[in-house]
There are 2 protein chains.
Amino acid sequence: MSGHLDLIDLKIIESMGENGRIRLSELAEVVGLSIPSVSERLDKLQKNGIVKGFTMDVDERQLGFDIQAFVRVRVDSSKHYKSFMEHVMKEDEIMECYSVTGEGSHILRVMTHNTGSLEKFLSRIQSWPGVMSTNTSFVLSQLKKTRKIGADIIRNNLQDRQVLITYDEKKSRK
Amino acid sequence: MSGHLDLIDLKIIESMGENGRIRLSELAEVVGLSIPSVSERLDKLQKNGIVKGFTMDVDERQLGFDIQAFVRVRVDSSKHYKSFMEHVMKEDEIMECYSVTGEGSHILRVMTHNTGSLEKFLSRIQSWPGVMSTNTSFVLSQLKKTRKIGADIIRNNLQDRQVLITYDEKKSRK
DNA sequence: TATGAAAACTTGCAAGC
DNA sequence: GCTTGCAAGTTTTCATA
(Lines give C-alpha, C1' and ligand atoms only; values in the text may rest on other atoms or scores of the structure.)
Protein backbone atom coordinates (compact mmCIF):
# COMPACT_ATOMS: atom_id res chain seq x y z
CA MET A 1 0.00 0.00 0.00
CA SER A 2 2.71 2.44 0.93
CA GLY A 3 4.96 1.29 -1.88
CA HIS A 4 8.43 1.02 -0.47
CA LEU A 5 10.32 3.42 1.71
CA ASP A 6 13.98 3.61 0.91
CA LEU A 7 16.73 5.30 2.87
CA ILE A 8 16.17 8.57 1.03
CA ASP A 9 12.55 8.72 2.14
CA LEU A 10 13.65 8.07 5.68
CA LYS A 11 16.20 10.86 5.52
CA ILE A 12 13.50 13.21 4.28
CA ILE A 13 11.31 12.18 7.21
CA GLU A 14 14.15 12.65 9.66
CA SER A 15 15.14 16.06 8.33
CA MET A 16 11.63 17.43 8.21
CA GLY A 17 10.91 16.12 11.70
CA GLU A 18 13.73 18.34 12.91
CA ASN A 19 12.92 21.29 10.68
CA GLY A 20 9.52 21.28 9.07
CA ARG A 21 10.25 24.44 7.13
CA ILE A 22 13.47 23.26 5.54
CA ARG A 23 13.76 24.27 1.90
CA LEU A 24 13.45 21.63 -0.75
CA SER A 25 16.75 22.84 -2.16
CA GLU A 26 18.47 22.16 1.14
CA LEU A 27 16.72 18.85 1.53
CA ALA A 28 17.83 17.89 -1.97
CA GLU A 29 21.40 18.57 -0.94
CA VAL A 30 21.08 16.55 2.26
CA VAL A 31 19.70 13.48 0.53
CA GLY A 32 21.77 13.87 -2.63
CA LEU A 33 18.96 14.12 -5.16
CA SER A 34 17.63 16.85 -7.44
CA ILE A 35 14.92 19.18 -6.18
CA PRO A 36 12.15 17.79 -8.40
CA SER A 37 12.88 14.28 -7.15
CA VAL A 38 12.65 15.32 -3.53
CA SER A 39 9.49 17.24 -4.23
CA GLU A 40 7.90 14.21 -5.86
CA ARG A 41 8.86 11.94 -2.96
CA LEU A 42 7.41 14.36 -0.46
CA ASP A 43 4.15 14.46 -2.42
CA LYS A 44 3.98 10.69 -2.34
CA LEU A 45 4.66 10.54 1.37
CA GLN A 46 1.75 12.91 1.91
CA LYS A 47 -0.55 10.95 -0.39
CA ASN A 48 0.38 7.73 1.41
CA GLY A 49 -0.59 9.36 4.67
CA ILE A 50 2.85 8.73 6.12
CA VAL A 51 3.30 12.48 6.33
CA LYS A 52 0.18 13.87 7.95
CA GLY A 53 1.05 17.55 7.99
CA PHE A 54 3.29 20.31 9.22
CA THR A 55 3.04 22.32 12.39
CA MET A 56 4.77 24.82 14.59
CA ASP A 57 6.01 24.35 18.14
CA VAL A 58 5.24 27.18 20.51
CA ASP A 59 6.06 28.05 24.10
CA GLU A 60 2.64 27.57 25.62
CA ARG A 61 3.53 29.29 28.88
CA GLN A 62 4.29 32.52 27.07
CA LEU A 63 0.86 32.31 25.46
CA GLY A 64 -0.78 32.21 28.85
CA PHE A 65 -1.29 28.48 29.19
CA ASP A 66 0.16 28.20 32.66
CA ILE A 67 -1.43 24.87 33.43
CA GLN A 68 -0.74 21.62 31.68
CA ALA A 69 -2.11 18.39 33.02
CA PHE A 70 -2.67 14.76 32.23
CA VAL A 71 -6.17 13.65 33.10
CA ARG A 72 -7.00 9.98 33.33
CA VAL A 73 -10.66 9.40 32.67
CA ARG A 74 -12.70 6.32 33.35
CA VAL A 75 -15.47 6.14 30.76
CA ASP A 76 -18.18 3.54 30.51
CA SER A 77 -17.22 3.34 26.89
CA SER A 78 -19.58 0.67 25.60
CA LYS A 79 -22.61 2.92 25.82
CA HIS A 80 -21.27 6.41 25.85
CA TYR A 81 -18.28 6.18 23.55
CA LYS A 82 -19.71 8.26 20.73
CA SER A 83 -20.91 11.15 22.86
CA PHE A 84 -17.64 11.12 24.81
CA MET A 85 -15.70 11.48 21.58
CA GLU A 86 -17.88 14.34 20.42
CA HIS A 87 -17.28 16.19 23.64
CA VAL A 88 -13.53 15.57 23.44
CA MET A 89 -13.39 16.97 19.91
CA LYS A 90 -15.22 20.12 20.90
CA GLU A 91 -13.06 21.00 23.91
CA ASP A 92 -10.22 23.26 22.83
CA GLU A 93 -8.43 22.63 26.10
CA ILE A 94 -7.94 18.95 25.24
CA MET A 95 -4.86 18.81 23.07
CA GLU A 96 -4.60 15.03 22.91
CA CYS A 97 -6.81 12.10 23.80
CA TYR A 98 -5.71 8.47 23.89
CA SER A 99 -7.60 5.31 24.57
CA VAL A 100 -5.37 3.28 26.89
CA THR A 101 -5.06 0.16 29.01
CA GLY A 102 -4.64 0.36 32.78
CA GLU A 103 -6.38 2.51 35.35
CA GLY A 104 -8.92 4.56 33.45
CA SER A 105 -9.90 4.11 29.85
CA HIS A 106 -8.53 7.37 28.44
CA ILE A 107 -5.70 9.81 28.96
CA LEU A 108 -6.15 13.48 28.06
CA ARG A 109 -3.41 16.03 27.74
CA VAL A 110 -4.97 19.30 28.75
CA MET A 111 -3.70 22.84 28.45
CA THR A 112 -5.42 25.67 30.22
CA HIS A 113 -5.05 29.12 31.63
CA ASN A 114 -5.14 28.81 35.39
CA THR A 115 -6.45 26.64 38.20
CA GLY A 116 -9.85 28.28 37.87
CA SER A 117 -10.25 27.31 34.23
CA LEU A 118 -8.97 23.81 35.00
CA GLU A 119 -11.53 23.42 37.75
CA LYS A 120 -14.30 24.44 35.38
CA PHE A 121 -12.97 22.07 32.77
CA LEU A 122 -12.89 19.14 35.20
CA SER A 123 -16.39 19.70 36.42
CA ARG A 124 -17.54 19.96 32.83
CA ILE A 125 -16.08 16.62 31.82
CA GLN A 126 -17.37 14.97 34.97
CA SER A 127 -20.85 15.92 33.82
CA TRP A 128 -20.51 14.10 30.49
CA PRO A 129 -22.58 10.91 30.28
CA GLY A 130 -20.50 7.82 30.96
CA VAL A 131 -17.64 9.60 32.73
CA MET A 132 -17.19 7.73 35.98
CA SER A 133 -14.06 9.33 37.43
CA THR A 134 -11.07 11.51 36.66
CA ASN A 135 -7.58 11.65 38.08
CA THR A 136 -5.43 14.68 37.35
CA SER A 137 -1.64 15.00 37.32
CA PHE A 138 -0.25 18.49 36.93
CA VAL A 139 2.75 18.97 34.71
CA LEU A 140 5.46 20.74 36.69
CA SER A 141 7.90 20.90 33.80
CA GLN A 142 8.53 19.45 30.40
CA LEU A 143 11.91 17.78 30.40
CA LYS A 144 11.92 16.41 26.89
CA LYS A 145 9.81 16.76 23.78
CA THR A 146 11.17 15.58 20.50
CA ARG A 147 9.71 15.13 17.07
CA LYS A 148 12.79 13.68 15.44
CA ILE A 149 12.48 10.12 14.30
CA GLY A 150 15.85 8.82 13.25
CA ALA A 151 16.16 7.23 9.83
CA ASP A 152 18.18 4.34 11.20
CA ILE A 153 15.57 3.49 13.82
CA ILE A 154 12.77 3.46 11.26
CA ARG A 155 14.88 1.27 9.01
CA ASN A 156 15.37 -1.24 11.79
CA ASN A 157 11.63 -1.27 12.49
CA LEU A 158 10.72 -1.82 8.89
CA GLN A 159 13.41 -4.38 8.21
CA ASP A 160 12.05 -6.47 11.03
CA ARG A 161 8.60 -6.21 9.54
CA GLN A 162 9.96 -7.12 6.14
CA VAL A 163 11.37 -10.32 7.59
CA LEU A 164 7.94 -11.19 8.92
CA ILE A 165 6.26 -10.51 5.59
CA THR A 166 8.77 -12.67 3.76
CA TYR A 167 8.24 -15.43 6.28
CA ASP A 168 4.46 -15.29 5.87
CA GLU A 169 4.77 -15.44 2.11
CA LYS A 170 6.90 -18.56 2.35
CA LYS A 171 4.42 -20.20 4.62
CA SER A 172 1.47 -19.45 2.38
CA ARG A 173 3.26 -20.75 -0.68
CA LYS A 174 3.39 -24.24 0.72
CA MET B 1 10.11 40.80 27.71
CA SER B 2 8.07 39.51 24.82
CA GLY B 3 6.99 42.96 23.76
CA HIS B 4 3.31 42.78 23.02
CA LEU B 5 1.37 40.27 21.04
CA ASP B 6 -1.42 41.75 19.02
CA LEU B 7 -4.19 39.98 17.18
CA ILE B 8 -2.08 39.68 14.03
CA ASP B 9 0.64 37.80 15.89
CA LEU B 10 -1.99 35.47 17.28
CA LYS B 11 -3.40 34.84 13.83
CA ILE B 12 0.07 33.99 12.60
CA ILE B 13 0.45 31.54 15.47
CA GLU B 14 -2.94 30.00 14.77
CA SER B 15 -2.35 29.62 11.04
CA MET B 16 1.10 28.14 11.38
CA GLY B 17 -0.12 25.75 14.04
CA GLU B 18 -2.48 24.34 11.45
CA ASN B 19 -0.06 24.48 8.54
CA GLY B 20 3.57 24.96 9.41
CA ARG B 21 4.59 25.12 5.77
CA ILE B 22 2.18 27.87 4.79
CA ARG B 23 3.73 30.41 2.44
CA LEU B 24 4.45 33.87 3.77
CA SER B 25 2.45 35.25 0.86
CA GLU B 26 -0.60 33.27 1.92
CA LEU B 27 -0.07 34.18 5.55
CA ALA B 28 0.17 37.85 4.56
CA GLU B 29 -3.18 37.56 2.85
CA VAL B 30 -4.77 35.84 5.85
CA VAL B 31 -3.66 38.50 8.31
CA GLY B 32 -4.01 41.43 5.92
CA LEU B 33 -0.44 42.69 5.99
CA SER B 34 2.42 42.84 3.50
CA ILE B 35 4.85 39.96 3.21
CA PRO B 36 7.85 41.77 4.74
CA SER B 37 5.77 42.72 7.77
CA VAL B 38 4.65 39.17 8.33
CA SER B 39 8.18 37.93 7.85
CA GLU B 40 9.48 40.37 10.42
CA ARG B 41 6.83 39.41 12.94
CA LEU B 42 7.63 35.75 12.49
CA ASP B 43 11.32 36.47 13.07
CA LYS B 44 10.48 38.30 16.28
CA LEU B 45 8.25 35.48 17.48
CA GLN B 46 11.17 33.11 16.98
CA LYS B 47 13.64 35.41 18.71
CA ASN B 48 11.23 35.80 21.64
CA GLY B 49 11.11 32.03 21.93
CA ILE B 50 7.34 32.03 21.51
CA VAL B 51 7.83 30.09 18.31
CA LYS B 52 10.22 27.26 19.09
CA GLY B 53 10.38 25.57 15.72
CA PHE B 54 8.64 23.72 12.95
CA THR B 55 8.00 20.02 12.57
CA MET B 56 6.22 17.39 10.59
CA ASP B 57 3.50 15.04 11.79
CA VAL B 58 3.88 11.47 10.65
CA ASP B 59 1.86 8.30 10.94
CA GLU B 60 4.05 6.41 13.38
CA ARG B 61 2.32 3.09 12.80
CA GLN B 62 3.27 3.12 9.14
CA LEU B 63 6.87 3.68 10.16
CA GLY B 64 6.83 0.51 12.24
CA PHE B 65 6.19 2.03 15.65
CA ASP B 66 3.39 -0.31 16.58
CA ILE B 67 3.61 0.33 20.29
CA GLN B 68 2.93 3.59 22.01
CA ALA B 69 2.74 3.78 25.76
CA PHE B 70 2.63 6.12 28.69
CA VAL B 71 5.02 5.07 31.41
CA ARG B 72 4.71 6.54 34.86
CA VAL B 73 8.03 6.44 36.65
CA ARG B 74 8.72 6.94 40.31
CA VAL B 75 12.18 8.46 40.68
CA ASP B 76 13.98 9.31 43.87
CA SER B 77 14.62 12.65 42.27
CA SER B 78 16.52 14.47 44.98
CA LYS B 79 19.65 12.39 44.53
CA HIS B 80 19.38 10.93 41.08
CA TYR B 81 17.69 13.68 39.14
CA LYS B 82 20.66 14.58 36.96
CA SER B 83 21.54 11.09 35.89
CA PHE B 84 17.87 10.30 35.26
CA MET B 85 17.65 13.27 32.90
CA GLU B 86 20.77 12.23 31.06
CA HIS B 87 19.35 8.78 30.49
CA VAL B 88 16.03 10.21 29.33
CA MET B 89 17.76 12.43 26.79
CA LYS B 90 19.73 9.56 25.35
CA GLU B 91 16.80 7.19 24.83
CA ASP B 92 15.36 7.64 21.35
CA GLU B 93 12.25 5.74 22.34
CA ILE B 94 11.26 8.42 24.85
CA MET B 95 9.46 11.05 22.83
CA GLU B 96 8.34 13.15 25.78
CA CYS B 97 9.13 13.35 29.47
CA TYR B 98 7.21 15.39 32.03
CA SER B 99 7.76 15.97 35.69
CA VAL B 100 4.31 15.64 37.29
CA THR B 101 2.37 15.54 40.52
CA GLY B 102 0.45 12.46 41.59
CA GLU B 103 1.43 8.81 41.53
CA GLY B 104 4.94 8.69 40.18
CA SER B 105 7.20 11.64 39.64
CA HIS B 106 7.46 11.49 35.85
CA ILE B 107 5.40 10.54 32.82
CA LEU B 108 7.10 9.31 29.67
CA ARG B 109 5.50 9.00 26.26
CA VAL B 110 7.26 6.10 24.62
CA MET B 111 7.19 4.88 21.04
CA THR B 112 8.66 1.56 20.11
CA HIS B 113 8.58 -1.25 17.64
CA ASN B 114 7.00 -4.23 19.35
CA THR B 115 6.39 -5.76 22.75
CA GLY B 116 9.91 -7.19 22.73
CA SER B 117 11.55 -3.80 22.32
CA LEU B 118 9.23 -2.33 24.96
CA GLU B 119 10.17 -5.04 27.39
CA LYS B 120 13.85 -4.33 26.84
CA PHE B 121 13.21 -0.63 27.24
CA LEU B 122 11.35 -1.12 30.52
CA SER B 123 14.03 -3.30 32.03
CA ARG B 124 16.62 -0.77 30.95
CA ILE B 125 14.93 2.13 32.71
CA GLN B 126 14.31 0.04 35.78
CA SER B 127 18.06 -0.37 36.06
CA TRP B 128 18.70 3.38 36.17
CA PRO B 129 19.75 4.64 39.58
CA GLY B 130 16.86 6.16 41.52
CA VAL B 131 14.09 4.52 39.49
CA MET B 132 11.87 2.89 42.07
CA SER B 133 8.93 1.70 39.97
CA THR B 134 7.22 1.98 36.60
CA ASN B 135 3.62 1.64 35.54
CA THR B 136 2.85 1.25 31.86
CA SER B 137 -0.36 2.06 29.97
CA PHE B 138 -0.50 0.98 26.35
CA VAL B 139 -2.05 3.32 23.85
CA LEU B 140 -4.80 1.50 21.99
CA SER B 141 -5.67 4.39 19.75
CA GLN B 142 -5.14 8.09 19.39
CA LEU B 143 -8.51 9.80 19.33
CA LYS B 144 -7.36 13.39 19.13
CA LYS B 145 -4.13 15.21 18.57
CA THR B 146 -4.22 18.86 17.72
CA ARG B 147 -1.59 21.53 17.40
CA LYS B 148 -3.93 24.37 16.66
CA ILE B 149 -4.12 27.04 19.32
CA GLY B 150 -6.92 29.42 18.55
CA ALA B 151 -6.14 33.13 18.45
CA ASP B 152 -9.24 33.98 20.49
CA ILE B 153 -8.29 31.57 23.28
CA ILE B 154 -4.79 33.00 23.55
CA ARG B 155 -6.22 36.49 23.60
CA ASN B 156 -8.47 35.61 26.51
CA ASN B 157 -5.54 34.11 28.38
CA LEU B 158 -3.36 37.14 27.90
CA GLN B 159 -6.08 39.68 28.58
CA ASP B 160 -6.63 38.04 31.95
CA ARG B 161 -2.94 38.28 32.67
CA GLN B 162 -2.90 41.91 31.59
CA VAL B 163 -5.62 42.69 34.12
CA LEU B 164 -3.49 41.16 36.83
CA ILE B 165 -0.43 43.15 35.83
CA THR B 166 -2.38 46.38 35.80
CA TYR B 167 -3.76 45.59 39.22
CA ASP B 168 -0.32 44.89 40.66
CA GLU B 169 1.02 48.13 39.28
CA LYS B 170 -1.77 50.07 40.93
CA LYS B 171 -1.08 48.39 44.22
CA SER B 172 2.63 49.10 44.11
CA ARG B 173 2.07 52.75 43.29
CA LYS B 174 0.45 53.39 46.65
C1' DT C 1 11.95 7.23 -11.10
C1' DA C 2 15.40 10.82 -11.97
C1' DT C 3 16.98 14.92 -14.28
C1' DG C 4 17.59 19.73 -16.53
C1' DA C 5 15.78 23.94 -18.10
C1' DA C 6 12.24 27.53 -18.31
C1' DA C 7 8.33 29.83 -16.20
C1' DA C 8 6.03 31.30 -12.19
C1' DC C 9 6.20 32.34 -7.82
C1' DT C 10 8.25 33.56 -3.21
C1' DT C 11 11.31 35.82 -0.26
C1' DG C 12 14.83 39.27 1.42
C1' DC C 13 16.54 43.79 1.24
C1' DA C 14 16.55 48.75 0.88
C1' DA C 15 14.52 53.24 0.83
C1' DG C 16 10.78 56.02 2.16
C1' DC C 17 6.56 57.11 4.82
C1' DG D 1 6.33 49.53 12.32
C1' DC D 2 4.29 49.36 7.57
C1' DT D 3 4.77 49.51 2.55
C1' DT D 4 6.48 49.29 -2.31
C1' DG D 5 9.66 47.67 -5.78
C1' DC D 6 13.59 45.22 -7.29
C1' DA D 7 16.99 41.53 -7.11
C1' DA D 8 17.97 36.96 -5.77
C1' DG D 9 16.51 32.64 -4.76
C1' DT D 10 13.05 28.77 -4.77
C1' DT D 11 9.54 25.76 -6.45
C1' DT D 12 6.77 23.79 -10.09
C1' DT D 13 6.03 21.96 -14.47
C1' DC D 14 7.19 19.53 -18.42
C1' DA D 15 9.91 17.19 -21.75
C1' DT D 16 13.35 13.75 -21.85
C1' DA D 17 16.49 9.86 -20.52
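Nothing here was measured: the structure is a model prediction, and the numbers come from that model. Letters A, B, ... mirror the listed sequences (proteins, then strands); counts begin at 1.
If you take CG of A:Asp43 and C1' of D:dT11, they are 11 Å apart, rounded to a whole angstrom. Summarising the geometry, the separation between CZ on A:Arg41 and C1' on D:dT11 is reported as 18 Å, rounded to the nearest angstrom. With rounding to whole Å, B:Leu33 atom CG is found 12 Å from D:dG1 atom P. Rounded to whole Å, the distance from CG on A:Leu27 to C1' on D:dT12 is 16 Å. One interatomic measurement links the two molecules: CD of B:Glu40 to C1' of D:dT4, which rounds to 15 Å at whole-angstrom precision.
Residues A:Phe70, A:Tyr98, A:Ile107, A:Val139, B:Phe70, B:Tyr98, B:Val100, B:Ile107, B:Val139 make up the rest of the hydrophobic cluster containing A:Val100, defined by ILVMFWY side-chain heavy atoms closer than 4.5 Å, directly or through other members. Apart from B:Leu140 itself, the hydrophobic cluster it occupies contains nothing, where clustering links Ile, Leu, Val, Met, Phe, Trp and Tyr at side-chain heavy-atom distances under 4.5 Å.
Annotation: ring-ring contact (aromatic ring centres under 6.0 Å, His included) contacts of B:His106 (sequence neighbours excluded): B:Phe84. Applying the side-chain contact (heavy atoms from CB on, under 4.5 Å) test to A:Arg124 and every residue at least two apart in sequence or in another chain returns A:Glu91, A:Glu93, A:Lys120, A:Phe121. Shown here are the ring-ring contact (aromatic ring centres under 6.0 Å, His included) partners of A:His87, two or more places apart in sequence or in another chain: A:Trp128. Listed by chain and number, the residues in a salt bridge (Lys or Arg N to Asp or Glu O under 4.0 Å) with B:Glu60 amount to none (sequence neighbours excluded). In terms of the salt bridge (Lys or Arg N to Asp or Glu O under 4.0 Å) criterion, residue partners of A:Arg147 (sequence neighbours excluded) are, by chain and number, B:Asp57.
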Would you tabulate the pairs of protein nitrogen or oxygen atoms and nucleotide nitrogen or oxygen atoms of nucleotides 11-13 of chain C closer than 3.5 angstrom?
| from | atom 1 | to | atom 2 | distance (Å) |
| --- | --- | --- | --- | --- |
| C:dT11 | OP1 | B:Leu24 | N | 3.1 |
| C:dT11 | OP2 | B:Leu24 | N | 3.0 |
| C:dT11 | OP2 | B:Ser25 | N | 2.9 |
| C:dG12 | OP2 | B:Ser39 | OG | 3.3 |

Quick one: side chains of residues 24-40 of chain A, donor-acceptor pairs under 3.5 Å with protein atoms, not counting sequence neighbours, listed by atom name and distance.
| from | atom 1 | to | atom 2 | distance (Å) |
| --- | --- | --- | --- | --- |
| A:Ser34 | OG | A:Ser37 | OG | 2.8 |

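Around atom CD of B:Gln126, more than 12 heavy atoms belonging to other residues, nucleotides or ligands sit under 6.0 Å away. Within a 6.0 Å sphere centred on NZ of A:Lys79, other residues, nucleotides and ligands contribute 12 heavy atoms or fewer.
Residues from residues 12-20 of chain B placing a heavy atom under 4.0 Å of any atom in DNA chain D do not occur.
At its two ends the helix from C:dT1-D:dA17 to C:dC17-D:dG1 runs along axes set 30° apart, each axis drawn from five pairs and the angle rounded to 10°.
Sorted by first and then second residue, the ring-ring contact (aromatic ring centres under 6.0 Å, His included) pairs with a member in residues 40-61 of chain A form an empty list; sequence neighbours excluded.
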